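What follows is a short report on a single structure.
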Amino acid sequence: MKKITNIGVFTSGGDAPGMNAAIRAVVRTAIYENIQVTGIYRGYQGMIEADFVDMNRRSVSSIIQKGGTVLKSARCLEFKTKEGRQQAYDNIKAHGIDALVAIGGDGTFTGADLFSKEFDIPVMCIPGTIDNDLYGSDYTLGYDTANNTVIEAIDKIRDTASSHSRVFFVEVMGRDSGCIALNAGVGGGAEAILMPEVDTGITELFGELELAESRNKSSMIVIIAEGDQNGGAYNVAKIVKDKFDHLDIKVSILGHLQRGGSPSSFDRVLATRMGFKAVKELMNGNSRATVGLRGTAIVTTPLEEALSKKEFKLDEELLAIANIMNK
């Protein structure tokens, strides 16, 4: 087994709270093991442009509490070409990088897997996405923080809804995943929750609203994941308004508010455990895998498996609870 001497660490795709904590853990674990660390700015784009920085313990001081990513992020179409990947490899080889830790989502994992296979460079991935939609980990970095952000927003919207007897349709992130919608909906006491994985028709939503009205509820909150099959919050609100023209309906799109902010304690600890595990696995000869939380343990899953499988992450019991709480 070839000894690793220089680990390149980078973030790619959408940012997520906890990425900085993961960078910090990778850097400090590697340095403790006498391994050099190179930060790669702007993900695969920075790899192609040789935008590197040598990192030490002070490079990651006071970043564990920061949202976003100090190494920046970018989407890189050039990396999808063989020529782009060759340029990236030439650059990291010239800088002495002989292993990589990639922090990001599905696109990041796909690029890392292909790059590792083409050039036989060891790579470990850390799942960083607020959507919690990656196979191999019960929780992804940023998901817990995003949930807390959404809950706080819902609480504030509820105050206004109650004061003016309004119905608010709140759209949260989740193109293919309803994890945020379900958890925030239960935690925020929503009257209805619409998610991509659950076929909740408009007629069923009408029934939920009629039931709430029959109980003299003057204000209501409906949570909608952006990927719900009924369309976004504006589309659903328009359909509902046509049916219930007496309701005072408002729409709130939380958008990128959910990505930012200081990571929660859970995300900081999870990121630190994942960063530590990624370095240790590379040292032990493991490659082309993602680290993840299963139960209480940090484990690894082969990248091919993680990329080929989709995991239904909506808690069945929580779905049942949400249905009862809404009634």
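Values reported hereafter were calculated over all heavy atoms of this structure, with side chains retained and with hydrogens, waters and symmetry mates removed. Along the sequence shown, residues are numbered consecutively beginning with 1. Bear in mind that the values here come from a model prediction, so they are computed numbers and not experimental data.
Atom CG of Leu314 sits about 9.5 Å away from atom CG of Asn132, to the nearest 0.5 Å.
Formation of a donor-acceptor pair under 3.5 Å by the Thr81 side chain with backbone atoms of Glu78 is found in this model. The backbone N or O of Phe266 sits nowhere less than 3.5 Å from a side-chain atom of Asp144 that would complete a donor-acceptor pair. Listed for the Thr11 side chain is a donor-acceptor partner under 3.5 Å among the backbone atoms of Lys72. Looking at Arg75, its side chain never comes within 3.5 Å of a backbone N or O of Gly13 through a donor-acceptor pair. Side-chain atoms of Asp267 come within 3.5 Å of backbone atoms of Thr145 as a donor-acceptor pair (strictly under, hydrogens ignored). Of the possible donor and acceptor atoms, none in the side chain of Asp131 sits under 3.5 Å from a partner among the backbone N and O of Asp133. Under the 3.5 Å distance criterion, the side-chain polar atoms of Thr108 are matched with a main-chain donor or acceptor of Ser12. Using a distance-only test at 3.5 Å, with no hydrogens or angles considered, a donor-acceptor pair links the side chain of Asn20 to the main chain of Gly67. Side chain of Lys250 to backbone of Val167: no donor-acceptor contact under 3.5 angstrom is found. Without hydrogens or angle criteria, Glu49 side chain to Gly46 main chain gives no donor-acceptor distance under 3.5 Å.
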Checklist line | Verdict with reasoning, Val9 to Met55, per side-chain contact (heavy atoms from CB on, under 4.5 Å) | finding: CA-CA 10 Å; Val9 59; Met55 304 189 78; 4.2 Å; yes
Item checked: Audit row: Thr5, Asp98, side-chain hydrogen bond (donor to acceptor under 3.5 Å, both in side chains) steps and yes/no -> CA-CA 7 Å; Thr5 61; Asp98 50 18; 2.7 Å; yes
Next item on the list: Kindly indicate, with the supporting measurements, whether the criterion side-chain contact (heavy atoms from CB on, under 4.5 Å) is fulfilled by Arg259 and Ile130.
Entry: CA-CA 7 Å; Arg259 284 198 186 280; Ile130 67 169; 4.1 Å; yes
Next item on the list: Start with the C-alpha gap between Glu304 and Lys117, add the side-chain angles, then the distance that decides, and say whether salt bridge (charged side-chain N to carboxylate O under 4.0 Å, His left out) holds.
Entry: CA-CA 11 Å; Glu304 283 192 355; Lys117 287 176 179 176; 2.5 Å; yes
Next item on the list: Determine, step by step, whether Thr149 and Leu257 satisfy the side-chain contact (heavy atoms from CB on, under 4.5 Å) criterion, reporting the C-alpha distance in whole Å, the side-chain angles of both residues, the deciding distance to 0.1 Å, and the verdict.
Entry: CA-CA 8 Å; Thr149 298; Leu257 169 74; 4.1 Å; yes
Next item on the list: Could you go through the side-chain contact (heavy atoms from CB on, under 4.5 Å) check for Arg24 and Arg28 one step at a time?
Entry: CA-CA 6 Å; Arg24 174 180 178 270; Arg28 295 199 167 178; 3.5 Å; yes
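There is no side-chain donor-acceptor pair under 3.5 Å between Asp113 and Thr110. Of the N and O atoms on the side chains of Asn6 and Thr38, at least one donor lies less than 3.5 Å from an acceptor on the other residue. For the residue pair Gln87 and Asn91, a side-chain donor N or O sits within less than 3.5 Å of a side-chain acceptor on the partner. With no hydrogens or angles considered, no side-chain donor-acceptor pair links Gln36 and His95 at under 3.5 Å.
Shown here for Arg268 and Pro263, the closest heavy-atom pair between the two residues is NE-O, 2.9 Å. Pairing each heavy atom of Glu204 with each of Asp199, the nearest pair is OE1-O, 4.2 Å. The two residues Ala30 and Ile7 make their nearest non-hydrogen contact at CB-CD1, 4.4 Å. Taking every heavy atom of both residues into account, Met173 and Glu226 meet most closely at CA-OE2, 3.4 Å. Contact between Ile180 and Ala146 at its shortest, heavy atoms only, is CD1-CB, 4.1 Å. In terms of heavy atoms, Ile103 sits closest to Ala22 at CD1-CB, 3.9 Å.
One hydrophobic cluster, built from ILVMFWY side chains closer than 4.5 Å, cannot hold both Leu319 and Leu205; they sit in different ones. Cluster membership for Phe276 and Met283, using ILVMFWY side-chain heavy atoms within less than 4.5 angstrom, is not shared. A single hydrophobic cluster is not seen to contain both Val269 and Leu141; linkage of ILVMFWY side chains at heavy-atom distances under 4.5 Å, directly or through other members, places them apart. When hydrophobic clusters are built by joining Ile, Leu, Val, Met, Phe, Trp and Tyr residues whose side-chain heavy atoms come closer than 4.5 Å, directly or via intermediates, Ile223 is not grouped with Phe169. If you chain together hydrophobic residues whose side chains sit under 4.5 Å apart, Leu254 and Val251 never meet in one group.
The hydrophobic cluster analysis finds Val299 isolated: no Ile, Leu, Val, Met, Phe, Trp or Tyr side chain comes under 4.5 Å of it, directly or through other members. The hydrophobic cluster around Met47 extends to Phe10, Ile40, Tyr44, Ile48, Phe52, Phe79, Tyr89, Ile92, Ile97, Leu100, Phe109, Phe115, Phe119, Ile121, Val123, Leu134, Leu303, Leu307, counting ILVMFWY residues whose side-chain heavy atoms fall within less than 4.5 Å of a member.
Looking at heavy atoms from C-beta onward, Met274 lies in side-chain contact with Leu270 at the 4.5 angstrom threshold. Residues Thr301 and Lys309 fail the side-chain proximity criterion, which asks for heavy atoms closer than 4.5 Å. Side-chain contact between Ser219 and Ser165: absent, with no pair of heavy atoms (C-beta onward) separated by less than 4.5 Å. Side-chain contact between Val60 and Ile63: present, with at least one pair of heavy atoms (C-beta onward) separated by less than 4.5 Å. At a threshold of 4.5 Å between non-hydrogen side-chain atoms, the residues Ile126 and Met19 do not count as touching.
In Glu152, the CD atom is not crowded: 12 or fewer heavy atoms of neighbouring residues, nucleotides or ligands sit closer than 6.0 Å. Within a 6.0 Å radius of OH in Tyr32, no more than 12 heavy atoms belonging to other residues, nucleotides or ligands are found.
Scanning for salt bridge (Lys or Arg N to Asp or Glu O under 4.0 Å) contacts around Asp248 gives Arg166, with sequence neighbours left out.
The only member of Lys280, Glu281, Lys277 that meets side chain to side chain donor-acceptor pair (under 3.5 Å) when paired with Asn286 is Glu281.
Ionic pairing of Asp245 and Lys241 is not present here: no N-O contact between side-chain nitrogen and carboxylate oxygen is shorter than 4.0 angstrom.
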Which atom pairs, one a donor and one an acceptor, fall under 3.5 Å between side chains of residues 288-298 and the rest of the protein, sequence neighbours left out?
unit_1	atom_1	unit_2	atom_2	d
Arg288	NE	Ser116	OG	2.9
Arg288	NH2	Ser116	O	3.1
Thr290	OG1	Cys125	O	3.4
Arg294	NH1	Asp138	OD1	3.0
Arg294	NH1	Glu311	OE2	2.8
Arg294	NH2	Glu311	OE1	3.4

Can I get a per-line list of side-chain donor-acceptor pairs under 3.5 Å for residues 181-197, giving both atom names and the distance, sequence neighbours left out?
unit_1	atom_1	unit_2	atom_2	d
Asn183	ND2	Tyr143	OH	2.5
Asn183	ND2	Cys179	O	2.9
Glu191	OE1	Arg158	NH1	3.3
Glu191	OE1	Ile221	N	2.6
Glu191	OE2	Lys217	NZ	2.9
Glu197	OE1	Gly178	N	3.0
Glu197	OE2	Gly178	N	2.9

For a quick test of your reading: what N or O donor-acceptor pairs under 3.5 Å do the side chains of residues 230-240 make, sequence neighbours left out?
unit_1	atom_1	unit_2	atom_2	d
Asn230	ND2	Thr200	O	2.8
Asn230	ND2	Asp228	OD2	2.9
Asn235	ND2	Asn230	O	2.7

